[in-house]
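Order of the sequence lines sets the chain letters (A, B, ...), proteins ahead of strands, with each chain counted from 1. None of the values given here were measured: they were computed from a predicted structure.
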Amino acid sequence: METISIIDASKHVDEEVRIGVWLTNKRSSGKIAFLQLRDGTAFFQGVVVKSNVSAAVFALAKEVRQEESLYVTGTIHQDKRSHFGYEIEISEIEKVGASEDYPITPKEHGVDFLMDHRHLWLRSKRQFAVMQIRNEIIRATYEFFNKEGFIKIDAPILTGSAPEGTTELFHTKYFDKDAYLSQSGQLYEEAGAMAYGKVFSFGPTFRAEKSKTRRHLIEFWMIEPEMAFMHQEQSLEVQERYIAFLVQGVLDNCQYELKLLERDPEVLRRYTELPYPRISYDEAIQLLTDSGEFPDVKWGDDFGSPEETFLAEHFSKPVFVVNYPKAIKPFYMKPHPTRTDVVICADLLAPEGYGEIIGGSERATDVRYLTEQIKKAGLDEKDYEWYLDLRRYGSVPHSGFGLGLERAVTWITGEEHIREAIPFPRLLNRIYP
RNA sequence: UGCUCAGUAGUUCAGUGGUAGAAUAAUUGACUGUUAAUCAAGAGGUCGUAGGUUCGAAUCCUACCUGAGCAGCCA
């Protein structure tokens, strides 16, 4: 007899199989018991009919408790009454691990309680679906960049200085020296691009900001591609192809999960249609002003979340906002060829109120300009000698961008809050479990 | 960090000055197709912490702790 996974039930109809499972819930009457089962691949139901099994098996079916682990043996049936389409009629039950007073019941729970039990919360249906989709996005990311000729170059997590100098960093010690946890691998990816052409990094990122919103994590995962011999317009094409590829991957491989989340695939399908609209920062300001909803907005301001939401809703597709004012962007962005007030950059705003999911730019190539910018930003030139070397030895036009994995997961799954898009979220004042 | 709101049974909440409540989970029993199953029974509490007002405080006041929503910062 074969031991199978629930997800493969459709391939074993009318066969007797064995499955290792946990019990999520149960209902029973005097003559029949319904065991709700999960095995990490899917959720379905086991049916125990008293007249078809031994007294001992039926008694066990009636007393088995939430989240106990079991081996169940039985026959797979196709059944329209099952939400999954298949169920198992159980003939044998073997108890593996006991469970008493499982804290997370099938009823409602508050956020704080669930977060305190995140290690158990991950077992529930919604979290299962989100993590499966997160995994698909990770898988599709590797496939996309490999397909497009990128190689993965890992940026360091411990750094000796602040890459952008702007946001707050986690401070630690590196033996007797100061060190910081990485808030971006970008500068290192630029070195990688000069060595290998098209590269990307995919790793954890740390921001010691007191952020307390549905879009921010203290620790999150970022994908940062960097491409040599590439101008911004071509980079935007890579970006939109990448996003459409992620969404298509989820549509192709996660229909079951989308159904569990009640996420409409038709909405997602529209996000695979390219190109995405591009508007300039100037036009964005004009749109906001014309709407009458943002009386205080003026040229030179950065957009807050209400502004981002308005702009993305206006197009009902992801939208690139290009060429922001130089004053509100980091030092390494390429200056505009004919204007001194803006830089060559773009943010990709996701629709449905999810805000910025990509930030990217063409990078400055002139060593003198960059040195000046570093000084203006109040950074120590010594820390950036290696970065300036990239311009001293065969500088080329190059562009790159950063995608926040959890923001993409939150948007594609349609979740309310980013904390559910990562297995163990690090939030302001939360580092347990 | 600022503004707003909240902390009462394992959980989700009601109770706004006079003996601590409901639903649900867990426990026991009934029921052959349940989908948050249903029905019945018993059980379950340091009302976030400390201080104050009062004959009397879960309730009013002060401080602190914890969390949530929104904002800023950004991916």
Side-chain angles (χ1 to χ4, degrees), chain A residues 24-37 43-52 58 62-63 65-67 77 79-84 87 89 99-117 124-125 164 166-169 182-186 202-224 239 301-309 324 328-330 347-350 354-360 401-411 416-419 421-422 427-430 432:
Chain A
T24 64
N25 198 5
K26 81 172 174 209
R27 285 173 283 278
S28 67
S29 70
K31 308 245 168 107
I32 190 166
F34 301 97
L35 307 183
Q36 308 304 319
L37 308 173
F43 296 76
F44 83 158
Q45 172 169 276
V47 184
V48 187
V49 180
K50 189 178 185 184
S51 55
N52 295 349
F58 193 73
K62 293 214 65 153
E63 73 181 37
R65 312 174 92 174
Q66 194 187 1
E67 285 304 318
H77 292 306
D79 197 315
K80 285 205 185 80
R81 290 170 295 190
S82 158
H83 292 167
F84 183 65
E87 55 187 32
E89 187 175 338
S99 165
E100 229 178 300
D101 296 325
Y102 186 71
I104 301 177
T105 66
K107 296 283 174 180
E108 285 174 36
H109 297 287
V111 172
D112 192 35
F113 178 82
L114 288 169
M115 275 300 165
D116 281 342
H117 297 86
S124 58
K125 255 185 196 171
E164 293 178 30
T166 50
T167 46
E168 281 185 67
L169 299 171
S182 170
Q183 61 162 356
S184 166
Q186 184 208 309
F202 187 0
T205 300
F206 307 88
R207 304 269 166 98
E209 291 156 8
K210 305 265 182 190
S211 297
K212 204 171 172 285
T213 80
R214 67 175 70 178
R215 307 173 162 177
H216 289 89
L217 290 166
I218 304 301
E219 176 184 305
F220 65 99
W221 288 68
M222 189 150 65
I223 294 135
E224 294 179 285
Q239 293 174 40
D301 293 342
D302 207 351
F303 300 133
S305 14
E307 288 85 358
E308 285 184 356
T309 301
Y324 283 71
I328 56 171
K329 287 294 177 183
D347 285 353
L348 182 66
L349 309 181
Y354 288 96
E356 182 187 345
I357 54 170
I358 286 181
F401 61 94
L403 171 94
L405 173 66
E406 289 77 14
R407 284 204 182 161
V409 172
T410 309
W411 166 53
E416 281 289 303
H417 202 295
I418 198 166
R419 64 186 163 221
I422 186 167
L427 300 162
L428 194 60
N429 300 326
R430 181 177 286 284
Y432 176 93

If B:A50 has a Watson-Crick or G-U wobble mate with both distances under 3.5 Å, name it; if not, just say none.
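Base partner found: B:U62.
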Whole-Å distance separating the [atom1] atom of [X] from the [atom2] atom of [N]:
X: A:Lys26; N: B:A26; atom1: NZ; atom2: P; answer: 8 Å
X: A:Asp79; N: B:U35; atom1: CG; atom2: C1'; answer: 12 Å
X: A:Asp301; N: B:C74; atom1: CG; atom2: P; answer: 13 Å
X: A:Phe34; N: B:U34; atom1: CZ; atom2: P; answer: 7 Å

Base, backbone or nothing for each nucleotide of nucleotides 6-12 of chain B, written B, S, -, heavy atoms under 4.0 angstrom, 5' to 3'?
-----SS
Within the pair A:Arg419 and B:G69, is there a side-chain N or O less than 4.0 Å away from OP1 or OP2?
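The answer is yes; a side-chain N or O of A:Arg419 sits under 4.0 Å from OP1 or OP2.
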Answer yes if the side chains of A:Glu224 and A:Ser184 hold a donor-acceptor pair under 3.5 Å, and no otherwise.
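On atom types as modelled, these side chains qualify, holding a pair under 3.5 Å.
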Stacking check: are the rings of A:His216 and B:C74 less than 5.5 Å apart at their centres and under 30 degrees in tilt?
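Not stacked by the 5.5 Å and 30° rule.
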Base, sugar-phosphate, or nothing for A:Lys212, non-hydrogen atoms under 4.0 angstrom?
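A:Lys212: base contact, heavy atoms under 4.0 Å.
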Can you name the residues that form a ring pair (Phe, Tyr, Trp, His ring centres under 6.0 Å) with A:Tyr102, not counting sequence neighbours?
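By the ring pair (Phe, Tyr, Trp, His ring centres under 6.0 Å) rule, A:Tyr102 matches no residue at all.
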Hey, which sits more toward the 5' end of RNA chain B by its nearest nucleotide, A:Ile218 or A:Gln45?
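Residue closer to the 5' terminus by nearest nucleotide: A:Gln45.
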